[in-house]
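Data first, discussion second: the structure below is written as structure tokens.
In this chain, numbering begins with 1 at the start of the sequence shown.
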Amino acid sequence: MVKKILGGSIGSCVHVAGVLNFLKLAEKEGYKSIYLGGAVPLEKIVGAIVESDPDIVAISYRLDPKALEKLLNEFYKMIKEKNLLDKVYIFGGTVETAAVARKFEFISKIFDGSQDIDEVILWLRNAKKDKEKKKYLHSFYLRE
């Protein structure tokens, strides 16, 4: 089964080099990538998650950390409402925006630009295990 990654830059962020490079690495590791572009509205990302059912959702943001916190709060509410928390969500950005993303438990992995390429590739190779673990934990918490 081919694993899918959906990615794009959220909000008003048009910086796409990081997410594009990540998706290219993912393709080399056997993933099918779905690129949404830059400055993608949250509604469009959520709709694409519903439509394409990716294993991993990669979101990127490199602008104002305060604005990111509001965006991630809104994004979390939207994916929770649509029952999409069983996906693996990852974040890429600057050191400052990564610090904000770390506050959100639904985000499994955060890349802040300090990782070398081997670390990113290793994470991609092990991401399927993360998804299975997250699905188990999600279903466990739903039973409580």
Count I, L, V, M, F, W, Y as connected when their side-chain heavy atoms are under 4.5 Å apart, and connections chain through other members. Are [X] and [Y] then in the same cluster?
X: Leu36; Y: Val50; value: yes
X: Ile56; Y: Leu122; value: no
X: Val95; Y: Leu72; value: no
X: Val19; Y: Val14; value: no
X: Leu124; Y: Ile117; value: yes

Can you list the steps and then say if Val16 with Tyr35 is a side-chain contact (heavy atoms from CB on, under 4.5 Å)? CA-CA 10 Å; Val16 296; Tyr35 175 61; 3.2 Å; yes

Show your working on side-chain contact (heavy atoms from CB on, under 4.5 Å) between Val100 and Phe91 and close with a plain yes or no. CA-CA 10 Å; Val100 172; Phe91 177 84; over 6 Å; no

How many angstroms lie between atom [atom1] of [X] and atom [atom2] of [Y], to the nearest 0.5 angstrom?
X: Ile45; Y: Ser9; atom1: CD1; atom2: OG; answer: 8.5 Å
X: Lys77; Y: Lys80; atom1: NZ; atom2: NZ; answer: 10.0 Å
X: Tyr31; Y: Arg125; atom1: OH; atom2: CZ; answer: 10.5 Å
X: Leu85; Y: Glu105; atom1: CG; atom2: CD; answer: 11.0 Å
X: Leu68; Y: Asn73; atom1: CG; atom2: CG; answer: 9.5 Å

Just by modelled atom types, is the [Y] backbone N or O under 3.5 Å from a matching donor or acceptor in the [X] side chain?
X: Ser108; Y: Val88; answer: no
X: Lys109; Y: Trp123; answer: no
X: Lys87; Y: Pro54; answer: yes
X: Gln115; Y: Gly113; answer: yes

For Lys32, look at atom NZ and say whether over 12 heavy atoms of other residues, nucleotides or ligands are found less than 6.0 Å away.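 No, NZ of Lys32 has 12 or fewer neighbouring heavy atoms, counting only those of other groups under 6.0 Å.
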
With side-chain contact (heavy atoms from CB on, under 4.5 Å) as the criterion, how do Val46 and Ile79 come out once you've worked through the C-alpha distance, each side chain's angles and the decisive distance to 0.1 Å? CA-CA 7 Å; Val46 172; Ile79 60 176; 4.1 Å; yes

Taking the inter-plane angle between the rings of Phe75 and Phe106 on a 0 to 90° scale, is it parallel (under 30°), tilted (30 to 60°) or perpendicular (over 60°)?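 If you compare the ring of Phe75 with that of Phe106, the planes turn out tilted.
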
SB check Arg102 Asp112 (cutoff 4.0 Å):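 Here Arg102 pairs with Asp112 in a salt bridge, since their nearest N and O are under 4.0 Å apart.
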
Using a 4.5 Å cut-off on heavy atoms from C-beta on, say whether the side chain of Ile5 contacts that of Leu23. yes

Do Thr97 and Arg62 have side-chain heavy atoms sitting under 4.5 Å apart? no

Which ring-ring contact (aromatic ring centres under 6.0 Å, His included) pairs, counting each pair once, include a residue from residues 3-27, with sequence neighbours left out? Phe22-Phe111

Give the minimum heavy-atom separation between Asn83 and Asp86, together with the two atoms involved. O-OD1, 4.1 Å

Smallest heavy-atom separation, Leu42 atom then Leu71 atom, equals CD1-O, 3.5 Å

